[in-house]
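As structure tokens, the structure follows; a few thoughts come after it.
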Amino acid sequence: MNPNTLDKAAVAKILRELSLLLQLKGENAFKVRAYDTAADRILGMTQDLGALVREGRLQELPGIGQGLAEKISELVSTGKLGFHEELKAEFPPGLLEMLQLPDMGPKKAMALWRELQVGSVADLERACREGRVRALKGFGAKSEAKILEGIALHQRAQGKRKLLGDVLPTVEGLLELLRAAPGVVRVSPAGSVRRRAETVGDVDLLASAPQAGPVLDVLANAPGVAVLIGKGESKCSVRMTEADLQVDLRVLPDEDFATALHHFTGSKAHHVRLRGMGQDKGLKISEWGVHQEDGTKLPIRDEADIYRLLGMQYVPPELREDSGEIEAALEGRLPEDLVSLEDVLGVVHCHSTWSDGKNSLEEMARAAQALGLKYLTVTEHSQAAVYAGGLKEDDLKRQWDEIDRVNAAVPGLRLLKGIEVDILESGALDYRDSVLERCELVIGSVHIRHSMNEEQMTQRLLNAMDNPHLNIIGHPTGRLIHEREPYPVRMEAVLDKAAARGVVMEVNGKPARLDLKAEHVRQAVQRGVKLVVSADAHRREDLNHLVFAVATARRGWARKGEVLNTLPADRFISTLKGLRC
DNA sequence: GCCGTTTTCGGCCCGACTGTTTTCAGTCG
């Protein structure tokens, strides 16, 4: 294989960069969009990119014409693109990073560069602090303050922690390689990845094998490793190209695997409490094993042995945060039937090309079927979400004909007729009741007017729940991790009303959302509010977001019975409707 | 840039919000 060959992700990344560079240059907005669309198309294609290039068939992809086909071919076959190199050279490299700041688009960035020679985030911060930005036409003191706020948020996001969803695919690829490594008995992630925390710093991996050396070599030579940071007799650290991620691997004898796994899984707070409880029983619990006071090492086959020795229930990794799970496990009241991915029969909250999704209804249906799911709720945006191609009431009727057709064509997978209707500023829904009542399910979400105060936003959600056709509140706090704070809302009041009126809360699994978050899930569960785990899917691949929704539900102690899309389709719908009062 | 049983040229997604203005430009969703 040509070592220069770029994969789909790398090609899409360069196309996106080209789109940004063209914007800086002030190019036609439709040309700019063509590059973005092409990036989407490449990411979403099912065919082999290399083969399409070799056979000269790129133009068969919609949105890719002669110009883009030539550029993509050059990229794939030579590893770079002259047009890209030339365009990049026209601007300071830091300008692209500036565009990631909130409210910073190409026009403002270029004005800052042209007038003040501000060409990086660092330059910009200095210029704001020195009060030079406010002097610029179109900017003022308020813009300066907002830019500084944006830079602070950006820098926090640039910090070490990454979204679990951005990290997990890389981790799973490495685990697969390690499972096949010479002599390996057991392999597991540890740390925050295993606890399924929202964000991850470094990744810890653990393996057991009689000989560590050959296993460490597998990681050191794995594809995607950018730098070998260090390698000793039992440990190896690397930095991956993807997500700039540091991965540490420890390899040890199988008899030490369980105690090491427990130690490195943490959380620290959970572990510290267990060690203290061990001491009271004359047991020394450490990374190296469980020892009695006379120094005898007890055999520990798996983590369950440790909890058994301490006289408590097994605590799943997602719950190990010292937030009440230890007391519950001692009293035997830890839920044993936490929802799992296998329990989920249908995927909730999906979009298609009818609104802002990237795949057709049939493609979404077949992808869900391939995952072993039984149903998928089609919930496009409603008319108020103009930017997302929201559906008019009339479009909905036409879409339902299409759904009937796909349902007949894809056996064993049922598309449900729903809507993600906008919750307007007043709390009214964006469709008439006569339309909503004919939907099989109605998700209500806030997409516009986020900047209301806490009282107004709370009232908005409470009012929405007065509509008897609303079944589910979608992404109830609107947060985007590292990008946007949640809107202010009195969650207790919302959950109390949801419990009283039989409204279900979404646990949105999109990695940057995870909304409700685990703490709120727990509050919901305590009040008897039912949940759905959702994908918020805008393309086939997003159906995997269910993994993160389930993880978040588990971290919030949700049982299978509390998650409604563990029910078969008919009972799912009848339960949703039956709950409303 | 792409695309075409209206078109090989002229469309292609637009309304709301914010901060800057004094009638609007830029950004976002």
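Protein chains get the first letters and strands the later ones, always in sequence-line order, with residue 1 at the start of each.
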Next on the checklist: In whole Å, I'd like the distance from the NE2 atom of A:H84 to the P atom of B:dG1.
Outcome noted: 14 Å
Checklist outcome for this item: Residue pair A:L101/A:G65 against DNA chain B: nearer the 5' end by closest nucleotide is A:G65
Checklist entry - In whole Å, what separates the P atom of B:dC12 from that of B:dT6? => result 15 Å
Item to check | A:K146 side-chain proximity, nearest of B:dC28, B:dT18, B:dG1 | outcome: B:dT18
Next on the checklist: Once you apply a heavy-atom cut-off of 4.0 Å, does A:K137 come out as touching a base, just sugar-phosphate, or nothing?
Outcome noted: nothing
Checklist entry - Please give, in whole Å, the distance from B:dC14 C1' to A:H381 NE2? => result 15 Å
Checklist entry - Checking all strands, does A:A69 fall into the base, sugar-phosphate, or nothing category for heavy-atom contacts under 4.0 angstrom? => result nothing
Item to check | Sugar-phosphate only, base, or nothing, as touched by A:F30 at under 4.0 Å among non-hydrogen atoms | outcome: base
Checklist entry - Say you pick atom C1' in B:dT23 and the same atom in B:dT18; how far apart are they, in whole Å? => result 15 Å
Checklist entry - P atom, B:dC14 versus B:dC9: distance in rounded Å? => result 24 Å
Checklist entry - With sugar-phosphate meaning primed atoms plus P, OP1 and OP2, does A:R449 contact a base, only sugar-phosphate, or nothing at under 4.0 Å between heavy atoms? => result sugar-phosphate
Checklist entry - Hey, is NZ on A:K8 packed in by over 12 heavy atoms from elsewhere, all under 6.0 Å? => result yes
Item to check | Separation between the P atoms of B:dC13 and B:dC3, rounded to whole Å | outcome: 14 Å
Next on the checklist: Using atom C1' in both nucleotides, what's the gap between B:dT8 and B:dG15 to the nearest angstrom?
Outcome noted: 33 Å
Item to check | Rounded distance in Å between the C1' positions of B:dG1 and B:dT5 | outcome: 24 Å
Checklist outcome for this item: From the candidates B:dT27, B:dT18, B:dG1, the one with an atom nearest any side-chain atom of A:A34 is B:dG1
Item to check | Opposite nucleotide pairing with B:dT8, Watson-Crick or G-U, both atom distances under 3.5 Å | outcome: none
Item to check | Short side-chain donor-acceptor distance under 3.5 Å, A:E380 and A:S352 | outcome: yes
Item to check | Distance test, side-chain N/O of A:R33 to OP1/OP2 of B:dG1, below 4.0 Å | outcome: no
Next on the checklist: Mind checking if A:I448 touches a base, just sugar-phosphate, or nothing, with heavy atoms under 4.0 Å?
Outcome noted: nothing
Checklist entry - Counting only side-chain N and O atoms of A:K71, is one of them less than 4.0 Å from OP1 or OP2 of B:dG1? => result yes
Next on the checklist: Using atom P in both nucleotides, what's the gap between B:dG19 and B:dG10 to the nearest angstrom?
Outcome noted: 40 Å
Next on the checklist: Closest-nucleotide mapping onto DNA chain B: is A:G140 or A:Q59 further toward the 5' terminus? I mean the 5' end.
Outcome noted: A:Q59
Item to check | Between B:dG26 (P) and A:M98 (CE): distance, integer Å | outcome: 15 Å
Next on the checklist: Looking at B:dT18, I'd like to know if its phosphate oxygens (OP1 or OP2) sit under 4.0 Å from a side-chain N or O belonging to A:S143.
Outcome noted: no
Item to check | A:R126/A:D123 ion pair, N-O < 4.0 Å | outcome: yes
Checklist entry - Side-chain donor-acceptor pair under 3.5 Å between A:N508 and A:E506, yes or no? => result yes
Checklist entry - side-chain contact (heavy atoms from CB on, under 4.5 Å) with A:E125: which of A:V118, A:I151, A:I147? => result A:I151
Checklist entry - Is the NZ atom of A:K577 crowded by more than 12 outside heavy atoms at less than 6.0 Å? => result yes
Checklist entry - Counting N and O atoms only, with roles assigned by atom type, does the side chain of A:E420 sit under 3.5 Å from a partner on the main chain of A:H349, one being a donor and the other an acceptor? => result no
Checklist entry - How far, in whole Å, is B:dT20 from B:dT27 if one measures between their P atoms? => result 14 Å
Next on the checklist: Once you apply a heavy-atom cut-off of 4.0 Å, does A:L22 come out as touching a base, just sugar-phosphate, or nothing?
Outcome noted: nothing
Checklist entry - How long is the line joining CG of A:L21 and C1' of B:dG1, in whole Å? => result 15 Å
Item to check | Separation of atom CD1 in A:I147 from atom P in B:dT18, rounded to whole Å | outcome: 17 Å
Next on the checklist: Does A:Q66 reach a base, just sugar-phosphate, or nothing at all? Heavy atoms under 4.0 Å.
Outcome noted: sugar-phosphate
Checklist entry - Could you state the CD-P distance from A:E144 to B:dT20, rounded to the nearest angstrom? => result 10 Å
Checklist entry - Atom CE of A:M104 and atom P of B:dA25: how far apart are they, to the nearest Å? => result 19 Å
Checklist entry - What integer distance in Å separates A:H447:NE2 from B:dC17:P? => result 16 Å
Item to check | Residue A:E425, side-chain heavy atoms: nucleotide from B:dC13, B:dC17, B:dT27 that is nearest | outcome: B:dC17
